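Just so we're clear, the structure is a prediction, and the values are computed from it rather than from any experiment.
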Amino acid sequence: MAACIHNSRTSTEAAASPFSQDSADHQCQIRNSPWFAKKCKPSFQNLFSCDPIKRVRLQADKEDDVLWLKIREQALCDMEQEPILSKYYCSSILQHDSLESALSNQLAAKLSNTDLPRSTLMEVFAGVLAEDEEVRRAIRADLKAVKERDPACISYAHCFLNFKGFLACQAHRVAHKLWSQGRIVMALLIQSRVSEVFAVDIHPGAKLGHGVVLDHATGIVVGETAVIGDNVTILHNVTLGGTGKVNGDRHPKVGDGVLIGAGTKVLGSIRVGDRAKIGAGSVVLKEVPPETTSVGNPARLVGLKS
């Protein structure tokens, strides 16, 4: 477990950026960083040093480094506003080498219990994120999507730490990769823990695109053969379920750019077309054409020109 302690010692070796990983102990170097002084105008007087936890070193794609550095920048500024949370921000973000390492740690911390150690889960998450470039791209696309489409999201760091919809989505991406590799038991275990902790139940067989937003997320259920496209927004208590068919292709196929309102039930192997909108509380049993709006129980198209 990481420990962040007050340290009154000064340093003459402050780097131009607090994100430097050259030092052996990966200290946060907040107080002596000219970068931090410029960005956050710190008023507290002590350094906060972060003792690193044992972790798997992961390398983020170069083109995505900007997003990871932005998260670290925001974490430092949050620490300036709430110094009491310094230990939390250090262990969750600042002591990690990459977004993948920090996410593996965050998911493991959330989903572990007395019988399922954090270290075990972190090894599983880190292993998948290290080997799958597609998952790494999807994580960043999801982060950007939440920040762009959810007005309640104040920063990337806020989403990364506090949005259970985002965290549930990333845990599912790992579970889906394990499922596709034939690691069924581990995939189903992650699904179960995500359902228990985040109240989001997505079967590991379901396929998710990039830029997916699970807004509020509580009560979302997605079946095994469901497919969700890119840039889809799904609100709480949505079910993408079946109609009682025992096996085979039995769940909805949701196109790109779709918005599904709270409490909606989309049932059966039906298509929701690209950029369609479904109003809150609807029950959808038939195909929804692209770029249309559907509401009601049973759902019907509205706003069409005669």
Side-chain angles (χ1 to χ4, degrees), residues 1-4 19 21 26 28 50-60 64-65 67-79 82 85-113 116-130 132 135-147 150 153-178 186 189-200 202 208 212-214 217-218:
M1 183 67 185
C4 292
F19 306 144
Q21 298 296 323
H26 298 279
C28 293
C50 300
D51 297 333
I53 60 173
K54 183 178 180 180
R55 61 190 182 279
V56 178
R57 182 179 294 270
L58 298 170
Q59 181 61 48
D64 295 318
D65 285 347
L67 181 59
W68 173 233
L69 294 181
K70 186 67 175 178
I71 292 173
R72 293 172 68 95
E73 172 188 330
Q74 292 168 349
L76 289 171
C77 290
D78 287 349
M79 286 171 58
E82 293 289 348
L85 296 178
S86 296
K87 177 180 178 180
Y88 173 61
Y89 276 97
C90 282
S91 63
S92 299
I93 295 177
L94 295 174
Q95 71 176 15
H96 294 279
D97 302 306
S98 67
L99 177 58
E100 289 77 14
S101 175
L103 181 59
S104 298
N105 174 73
Q106 184 75 347
L107 291 174
K110 294 285 188 180
L111 301 179
S112 61
N113 58 26
L116 186 61
R118 177 174 176 176
S119 58
T120 298
L121 282 176
M122 187 168 180
E123 182 178 351
V124 172
F125 287 123
V128 170
L129 297 182
D132 197 309
V135 172
R136 296 198 297 271
R137 287 199 299 265
I139 291 167
R140 288 163 172 81
D142 291 347
L143 266 173
K144 294 174 182 177
V146 175
K147 182 64 174 64
D150 187 349
C153 182
I154 62 175
S155 69
Y156 294 120
H158 176 54
C159 173
F160 177 83
L161 294 174
N162 303 320
F163 276 38
K164 70 175 186 176
F166 168 78
L167 294 172
C169 191
Q170 308 325 309
H172 167 76
R173 294 190 186 282
V174 172
H176 178 70
K177 179 65 176 180
L178 296 171
M186 182 61 74
L189 175 60
I190 292 174
Q191 176 199 3
S192 176
R193 290 299 297 149
V194 169
S195 179
E196 292 171 3
V197 174
F198 298 133
V200 176
I202 307 176
L208 272 61
V212 174
V213 175
L214 306 182
T218 300

**Request:** Hey, could you give me the SG/OH distance between Cys77 and Tyr89, rounded to the nearest 0.5 Å?
**Result:** 10.5 Å
**Item:** Pairwise side-chain contact, Val135 with Glu100, heavy-atom cut-off 4.5 Å (strictly under)
**Value:** no
**Message:** Taking Arg136's backbone N and O only, do any of them form a donor-acceptor pair with Arg140's side chain (distance below 3.5 Å, no angle check)?
**Reply:** yes
**Request:** Measure the CG-NZ distance between Leu67 and Lys147 for me, rounded to the nearest 0.5 Å.
**Result:** 11.0 Å
**Request:** Tell me, please, which residues at least two apart from Lys177 pass salt bridge (Lys or Arg N to Asp or Glu O under 4.0 Å).
**Result:** Asp132
**Request:** Using a 4.5 Å cut-off on heavy atoms from C-beta on, say whether the side chain of Leu121 contacts that of Leu107.
**Result:** no
**Item:** Shortest non-hydrogen contact from Gln74 toward Tyr156
**Value:** OE1-N, 2.9 Å
**Asked** Between Pro117 and Ser112, what is the shortest heavy-atom contact and its length?
**Response** C-CB, 4.0 Å
**Asked** Any side-chain donor paired with an acceptor under 3.5 Å for Ser155 and Lys70?
**Response** no
**Item:** Close side-chain approach of Phe166 to Ile139, heavy-atom, < 4.5 Å
**Value:** yes
**Asked** Of all heavy-atom pairs between Ala171 and Phe125, which one has the smallest distance, and what is that distance?
**Response** CA-CE2, 4.3 Å
**Asked** Can you find a heavy atom in the side chain of Val197 that is under 4.5 Å from one in the side chain of Leu167?
**Response** no
**Prompt:** Arg72 side chain to His96 main-chain N or O, any donor-acceptor pair under 3.5 Å?
**Reply:** yes
